[in-house]
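Sequence lines set the chain letters: A, B, ... in the order given, protein chains first and strands last, and positions in each chain run from 1.
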Amino acid sequence: GENVEQHPSTLSVQEGDSAVIKCTYSDSASNYFPWYKQELGKRPQLIIDIRSNVGEKKDQRIAVTLNKTAKHFSLHITETQPEDSAVYFCAATLNTDKLIFGTGTRLQVFP
Amino acid sequence: EAGVAQSPRYKIIEKRQSVAFWCNPISGHATLYWYQQILGQGPKLLIQFQNNGVVDDSQLPKDRFSAERLKGVDSTLKIQPAKLEDSAVYLCASSPTSVQPYEQYFGPGTRLTVT
């Protein structure tokens, strides 16, 4: 079936460094790619999203890039801070509005 | 605006018992989703409603799970009878429409433990 692969599963960085999380999807018709941040015991919260007609989107320290030909997209966090520590999930649409989530990346930012 | 509300927040039951979860979406949101999130995994869609109609329930284990959204607003998800593997967080989400991909707003979830 359709799936979204996410790597790495864990990522540890020093405060101030950059972090990159990568996802690949299988449905070539996917057209919406959100990223969610989930802190321990809390709800997933959207941090950034990108649609298929755009190759890159940036919001302060967070950016997302999309390569539709290769069917992969990435989350870039610059100048990481301890409060960035959380589990990050990528997702891609299936059949226009159904979201398929990746398996998550646990990011730890050490002071 | 008020967010997606869910209750209860936690539930512990024994296997073969029944349990029900309630969700109140953001006012005006036509689309409502129920997800199952097993520890260490991403959310998996169980069922999607557009107003009070089911859009997608292909991943819902219909022999034990049921869901309804009678008046197109609140929704309930029921498990009867529960199995050990049903232990998970059940997340409800809503979005304004499913015509185009829109941000899904998640509720706080109900953590179910089946013993």
Q.
Would you say that more than 12 heavy atoms from the other residues, nucleotides or ligands in this model lie under 6.0 Å from the CD1 of B:I12, or not?
A. no
Q) Under 4.5 Å between any side-chain heavy atoms of A:F89 and B:Q37, yes or no? A) yes
(Q) So for atom CD, which belongs to B:Q80, do other residues, nucleotides or ligands contribute more than 12 heavy atoms lying within a distance under 6.0 Å? (A) no
Q. Just wondering, more than 12 heavy atoms not from B:L84 lying within 6.0 Å of its CG?
A. yes
Q. Is B:K71 atom NZ crowded by more than 12 heavy atoms from other residues, nucleotides or ligands, each under 6.0 Å away?
A. no
Q: Scan for salt bridge (Lys or Arg N to Asp or Glu O under 4.0 Å) pairs involving residues 4-19 of chain B, sequence neighbours excluded, and state none if there are none.
A: none
Q: Calculate, to the nearest 0.5 Å, the distance between atoms NZ and CG belonging to B:K44 and A:L99 respectively.
A: 15.5 Å
(Q) Please evaluate residues B:L45 and A:K98 with respect to the criterion side chain to side chain contact (heavy atoms under 4.5 Å, CB included), reporting the C-alpha separation (whole Å), side-chain torsions for both, the decisive distance (0.1 Å), and the verdict. (A) CA-CA 8 Å; B:L45 180 69; A:K98 175 180 174 179; 3.6 Å; yes
Q. Is A:F101 reachable from B:L91 through a run of hydrophobic residues whose side-chain heavy atoms are each under 4.5 Å from the next?
A. yes
Q. What residues of residues 33-45 of chain A sit under 4.5 Å from chain B when only non-hydrogen atoms are counted?
A. A:Y36, A:Q38, A:G41, A:R43, A:P44
Q) Do other residues, nucleotides or ligands put more than 12 heavy atoms under 6.0 Å from the CD atom of B:E68? A) yes
